[in-house]
Q: 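Following this message is one structure expressed as structure tokens.
Order of the sequence lines sets the chain letters (A, B, ...), proteins ahead of strands, with each chain counted from 1.
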There are 2 protein chains.
Amino acid sequence: MGPKRLVDAVLFDTFGTVVDWRSGISRAVAEFAGDAVDTDEFALAWRSRYQPSMKPIRDGDRDFVDLDVLHRENLDTTAAEFGLPLAGDPSAADHLNRAWHRLPAWPDSVAGLTEVKRDFIVGPLSNGHTALLTNMAKHAGLPWDVIIGSDLTRTYKPDPNAYLRTAEILRLPPERVMLCAAHNLDLDAARDAGLRTAFIPRPTEYGPSQRHDLHATSAWDVIARDITDLASQLREHAS
Amino acid sequence: MGPKRLVDAVLFDTFGTVVDWRSGISRAVAEFAGDAVDTDEFALAWRSRYQPSMKPIRDGDRDFVDLDVLHRENLDTTAAEFGLPLAGDPSAADHLNRAWHRLPAWPDSVAGLTEVKRDFIVGPLSNGHTALLTNMAKHAGLPWDVIIGSDLTRTYKPDPNAYLRTAEILRLPPERVMLCAAHNLDLDAARDAGLRTAFIPRPTEYGPSQRHDLHATSAWDVIARDITDLASQLREHAS
């Protein structure tokens with residue numbers, strides 16, 4: 001661990017950046033509902049309730065609850081909207097809700113993280129809670145060094161405390177921590193909190209007609225093609 | 001992850017059970033002090049202040065502070081006792097204090113943890129804080145899935161909350177979590193908290209004349225020779 005490295009820890013947004021939630025959720029909906037609903041549309045609709053559901057917690061209008069709780073509330077609403085009954089099989093509905101623990105990695109994620117891990121502490125910096133992120137890592141083979149979930153920081157990105165408390169738990173100053181994300185807004189907030197930033201595009205995260213986050217919208221510290229490319233660029237920085 | 005596994009997570013005491021603190025500290029003291037002190041004696045004396053220093057926190061008489069703070073207080077006292085001046089080089093003294101972040105693994109630890117990790121969530125259940133345990137894992141190559149330090153549970157073993165809060169963060173009932181330790185007292189407290197237990201002996205942890213914890217003193221769920229043997233026995237349980 002030489003003194004020339006840009007940072008000590010490289011942390012990753014997970015949903016969308018490391019794992020492909022749309023495919024994973026679509027498949028889980030298909031397992032639950034067969035062809036009773038358009039599974040891709042269902043996945044997008046379920047996910048669309050994600051940011052609004054965290055807002056009252058970020059605003060201090062609701063005590064912190066974890067994503068299992070929020071995902072389940074959002075699943076109930078989405079299922080009602082699509083006319084999909086959940087009550088008939090509570091254990092299957094619970095299994096569906098926990099599909100967010102079992103999302104598949106993007107093709108470059110495991111190899112890329114393994115590379116980054118050679119020189120840096122790697123971990124998620126995600127709105128997922130520790131148990132969800134641990135299960136996700138076991139399922140997808142993500143080689144994290146450490147997992148600090150939102151249940152430990154008790155807040156949700158882009159609240160500045162989500163970034164700052166994570167750095168504090170690692171006993172690192174914010175500028176020795178880098179966030180890698182496929183979402184420019186997440187990086188905006190990380191930079192405001194004093195972290196270093198890396199952007200990678202995930203142009204099909206929301207499907208073939210995605211129009212946002214196709215490119216970096218700011219001069220992030222690193223802009224890479226994917227996590228493997230990020231590892232190469234970080235190595236060049238250090239040499 | 002089949003239903004027949006004894007538990008979902010196997011967590012490990014670290015100091016003494018996974019890493020050899022005596023050799024690591026002795027070497028760090030030699031780097032700092034040369035032959036000015038008996039480094040083995042110094043390591044044992046420094047460590048002997050460990051349990052007493054946590055007591056006021058466990059008893060509620062002192063707010064939680066992490067092991068970097070306690071180790072430093074104990075280092076100052078031990079150095080004074082041995083007539084070793086620390087003040088001359090604060091940065092070297094700080095580096096010495098952080099030797100607890102750089103302890104070497106016992107010979108079977110990495111291979112054994114890698115085996116256990118195939119079937120179970122593996123992590124430390126240690127009085128170390130998350131940053132210390134993360135640095136230790138990077139240094140020694142410990143392949144943890146997740147690291148929940150004492151800074152997150154805000155208490156020290158054998159306080160029951162140290163075990164219970166860790167299980168809670170993993171969203172597992174206590175009986176789905178196993179603690180593996182080389183210390184019978186730690187396992188006593190874990191069992192009282194509802195966890196499963198595994199004992200492995202580390203008969204030279206305190207040096208060649210160690211007299212305690214040479215054998216299991218109770219009928220723990222598993223009694224193994226080392227972590228590799230633990231992995232084999234857990235696999236037999238599941239088959």
Q: Between L170(B), I148(B), L172(B), I169(B), who has the most heavy-atom pairs with chain A when the cutoff is under 4.5 Å?
A: I169(B)

Q: Counting only non-hydrogen atoms closer than 4.5 Å, does D145(B) touch chain A with its backbone (N, CA, C, O), its side chain (CB onward), both, or neither?
A: both

Q: Rounded to the nearest 0.5 Å, how far apart are OG1 of T134(A) and CG of D8(B)?
A: 12.0 Å

Q: Of the backbone (N, CA, C, O) and the side chain (C-beta and beyond), which part of N135(A) lies under 4.5 Å from a heavy atom of chain B, both, or neither?
A: side chain

Q: Quick test of your reading of the model: are D66(A) and R171(B) salt-bridged, counting only N-O distances below 4.0 Å?
A: yes

Q: Taking everything shown except D63(A) itself, do over 12 heavy atoms lie less than 6.0 Å from its CG?
A: no

Q: Quick check on L152(B) against chain A: is it the side chain, the backbone, both or neither that has a heavy atom closer than 4.5 Å?
A: side chain

Q: Say whether, by atom type as modelled, one donor and one acceptor occur between the side chain of K138(B) and the main chain of K117(A) under 3.5 angstrom.
A: yes

